[in-house]
2 protein chains.
Amino acid sequence: MLKDTTSENLPLAEIAYRAIREEILNNQFKAGEQVLEKALVERFGISRTPVREACVRLEKEGLIEIKPRHGIRVKPISVEDMAEIYDILTALESEAARILAEKQLTEDDYQTLVAPTAAMEQALANDQLEAWAEADEAFHLALVNLTGNQRLKQVVLQFWGQAHRVRYFTLHLRPKPTGSTQDHIDLVNAIKAGNANLAAEIHRNHRIKGKHTLLNLLETYRFVQL
Amino acid sequence: MLKDTTSENLPLAEIAYRAIREEILNNQFKAGEQVLEKALVERFGISRTPVREACVRLEKEGLIEIKPRHGIRVKPISVEDMAEIYDILTALESEAARILAEKQLTEDDYQTLVAPTAAMEQALANDQLEAWAEADEAFHLALVNLTGNQRLKQVVLQFWGQAHRVRYFTLHLRPKPTGSTQDHIDLVNAIKAGNANLAAEIHRNHRIKGKHTLLNLLETYRFVQL
DNA sequence: GTGTACGTTAATGTATACATTAATTTTTGG
DNA sequence: CCAAAAATTAATGTATACATTAACGTACAC
């Protein structure tokens with residue numbers, strides 16, 4: 001019999017964790033917003049125990065802070081926070097690029113990088129920014145995924161999570177990301193050529209460009225709480 | 001009146017968290033060892049709730065895994081795990097080196113790097129490996145600390161925590177770390193000279209050396225559970 | 001009218017009670 | 001004596017009860 005993976009048999013704490021996390025990522029639960037445990041309890045119709053566990057996990061993940069007597073608060077991301085996050089992603093992803101260049105990748109492996117790149121190009125041609133962002137995300141995920149370093153992947157995903165709603169906010173404000181596709185193509189070529197230093201360098205520059213674009217944009221919208 | 005910072009007014013969950021963490025780091029609570037919630041509850045004389053919270057936090061931190069029905073288990077660190085950790089530290093710390101080279105550091109800032117280096121040399125001359133390790137740790141901590149990037153620091157500390165007991169295990173087995181001091185001096189000089197690429201490169205190579213020494217050693221002791 | 005002390009409220013930290021179910025033991029049929 | 005089923009145990013996930021105390025409001029002194 002088929003196992004129904006959709007019908008959830010998950011612990012309530014896990015369900016609450018995912019639900020809250022999801023709302024933070026897509027900005028339904030907004031930056032700076034505070035909510036009491038009680039409100040979460042009532043919203044989910046579960047008891048305080050699993051709600052608290054979910055909150056503890058989210059705090060460790062850097063998405064919220066627990067403010068005794070004032071509930072939990074979605075951590076706002078400042079320009080400085082975003083700079084911190086980008087520096088970390090730059091370091092880890094360019095390390096990933098380096099690692100891949102030193103590795104033997106299969107043709108399938110390359111496809112997980114090439115396919116998103118193609119999707120990005122396609123989306124850009126059709127002015128579908130959301131689709132572009134999704135494909136870009138897939139590319140960067142593939143990059144760290146292929147290293148096989150689970151911890152590296154986890155950390156990148158963690159900070160990706162913190163930055164997610166900010167990236168989404170800027171998506172329609174930034175210039176069309178026309179250069180990104182070429183950077184990705186160059187990176188894949190460097191990896192194929194086994195040129196680790198070049199691969200790392202290309203991706204570093206790619207990320208630095210992205211960081212500057214983003215930070216400049218955020219300076220303009222400094223008054224918006226993200 | 002003086003605030004007594006030693007007398008603990010901390011939440012029980014925090015106390016339990018710190019206590020368990022401490023025991024894992026110094027290898028009293030050994031790799032692979034399992035212990036039931038009940039045992040922790042009895043040991044600390046507190047209820048299950050704060051113990052559970054401590055466990056959830058430690059799991060997020062990568063130090064333990066929660067095995068339903070079997071309590072918690074200190075995650076053993078394999079050679080492969082250590083390789084993962086070193087690759088991350090290499091990426092983040094050499095990024096830190098790069099950042100510092102691009103920054104204006106005060107004389108005091110430099111001292112937080114130079115002093116541990118001197119302490120390392122001293123300790124090495126006196127064959128005090130523990131003191132050497134402590135100073136080395138101080139140097140690496142200063143490196144990430146001076147970047148001002150709190151997230152970067154947190155991640156480095158997290159993986160440092162995972163690797164801590166392994167490093168301690170190998171401390172007396174490895175060859176005397178005579179080259180480390182020079183690497184650190186070279187790094188500080190590159191930072192002072194504002195040569196970001198060189199600084200990153202020096203630290204990268206330093207870490208790669210360390211990684212190889214460590215992994216070779218661990219291969220020899222593959223049968224030991226860390 | 002204003003500031004302070006007091007009392008009240010309510011949110012959380014912690015303990016405990018309860019429900020569920022994996023694991024183990026016992027029983028039973030062969 | 002062995003294997004499968006049934007009963008029991010025990011560890012956890014969850015709910016709830018209780019204790020503490022920060023935050024707030026009120027009243028009172030001046």
Side-chain angles (χ1 to χ4, degrees), chain A residues 1 3-24 29-30 32-75, chain B residues 1-24 29-30 32-76:
Chain A
M1 182 164 37
K3 203 163 195 183
D4 185 355
T5 50
T6 61
S7 93
E8 331 241 357
N9 198 19
L10 296 170
L12 297 182
E14 179 69 24
I15 294 172
Y17 165 75
R18 292 190 192 180
I20 300 171
R21 185 170 189 280
E22 191 57 29
E23 290 195 17
I24 295 172
F29 190 0
K30 296 211 173 58
E33 198 176 330
Q34 290 195 11
V35 52
L36 295 175
E37 256 182 39
K38 197 177 175 203
L40 294 171
V41 162
E42 280 164 11
R43 175 121 73 90
F44 294 114
I46 63 180
S47 77
R48 284 178 59 211
T49 311
V51 167
R52 274 190 122 246
E53 177 170 331
C55 292
V56 168
R57 287 164 68 184
L58 290 165
E59 181 172 54
K60 266 277 187 196
E61 206 170 319
L63 288 175
I64 67 168
E65 47 190 341
I66 296 176
K67 316 195 57 162
R69 307 249 156 206
H70 299 283
I72 65 170
R73 174 166 182 264
V74 179
K75 266 196 184 167
Chain B
M1 187 169 25
L2 267 182
K3 203 163 196 182
D4 185 355
T5 50
T6 62
S7 92
E8 331 242 355
N9 197 20
L10 296 170
L12 297 181
E14 179 69 25
I15 295 172
Y17 164 76
R18 292 190 191 180
I20 299 171
R21 185 169 190 279
E22 191 58 29
E23 291 196 16
I24 295 172
F29 190 1
K30 296 212 174 58
E33 197 176 331
Q34 290 195 11
V35 52
L36 295 175
E37 257 181 39
K38 199 177 171 205
L40 294 171
V41 161
E42 282 164 9
R43 175 121 73 91
F44 294 114
I46 63 180
S47 78
R48 284 179 59 210
T49 310
V51 166
R52 274 191 121 247
E53 177 170 331
C55 291
V56 168
R57 288 164 68 184
L58 289 165
E59 180 172 54
K60 266 279 187 194
E61 206 169 319
L63 288 175
I64 66 167
E65 46 189 342
I66 296 176
K67 316 194 58 163
R69 308 249 155 206
H70 298 283
I72 65 170
R73 175 167 181 264
V74 179
K75 266 196 184 168

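The sequence lines fix the lettering, A, B, ..., with proteins before strands; numbering per chain opens at 1. Hydrogens, waters and symmetry mates play no part in the numbers below; they use all other heavy atoms, side chains included. Keep in mind that what you see is a predicted model, and the values were worked out from it rather than measured.
- At the phosphate of D:dA22, neither OP1 nor OP2 sits under 4.0 Å from any side-chain N or O atom of A:H70.
- Backbone-only contact: B:E37 has heavy atoms under 4.0 Å from sugar-phosphate atoms and none from a base.
- Side chain of B:I46, nearest nucleotide from C:dA17, C:dA15, C:dT12: C:dA15.
- What separates CG of A:L10 from C1' of D:dT14 is a distance of 15 Å, to the nearest Å.
- Side-chain N/O atoms of B:S47 include one lying less than 4.0 angstrom from OP1 or OP2 on C:dA15.
- In terms of heavy atoms, A:R21 sits closest to A:L58 at CB-CD2, 3.8 Å.
- Between B:E59 and B:I66, the shortest heavy-atom distance links the atoms OE2-N, 3.0 Å.
- In this structure, NZ of A:K38 is placed 14 Å from P of C:dT9, rounded to the nearest angstrom.
- Straight-line distance from the CD1 atom of B:I72 to the C1' atom of D:dT12: 14 Å, rounded to whole Å.
- Qualifying side chain to side chain donor-acceptor pair (under 3.5 Å) partners for B:Q34, counting only residues two or more places apart in sequence or in other chains: none.
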>> Could you walk me through whether B:I72 and B:L40 satisfy the side chain to side chain contact (heavy atoms under 4.5 Å, CB included) test, starting with their C-alpha distance in whole Å, then the side-chain angles of each, then the deciding distance to 0.1 Å, before giving a yes or no?
In response: CA-CA 10 Å; B:I72 65 170; B:L40 294 171; 3.8 Å; yes
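- As rounded to whole Å, 17 Å separates atom C1' of D:dA15 from atom CZ of A:F44.
- In summary, A:E22 and A:R18 do not engage in a salt bridge, as defined by a charged side-chain N under 4.0 Å from a carboxylate O.
- Rounded to a whole Å, the CD1 atom of A:I66 is 15 Å from the C1' atom of C:dT14.
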Using a cut-off of under 3.5 Å, enumerate the N/O to N/O pairs linking the protein to nucleotides 7-10 of chain D.
none

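- Distance, B:E53 CD to C:dT12 C1': 11 Å, rounded to whole Å.
- Salt bridge A:K75/A:E65: absent, no basic N to carboxylate O contact under 4.0 Å.
- Regarding A:L40, its CG atom lies at a distance of 16 Å from the C1' atom of D:dT14, rounded to whole Å.
- Closest approach to the A:R48 side chain among C:dA15, C:dT12, D:dA11 is made by C:dT12 (side chain taken as heavy atoms from C-beta onward).
- Atoms CG (A:L12) and C1' (C:dA19) sit 12 Å apart, rounded to a whole Å.
- A search for side chain to side chain contact (heavy atoms under 4.5 Å, CB included) contacts involving A:E53 returns A:A13, A:R57, B:R52, B:V56, not counting sequence neighbours.
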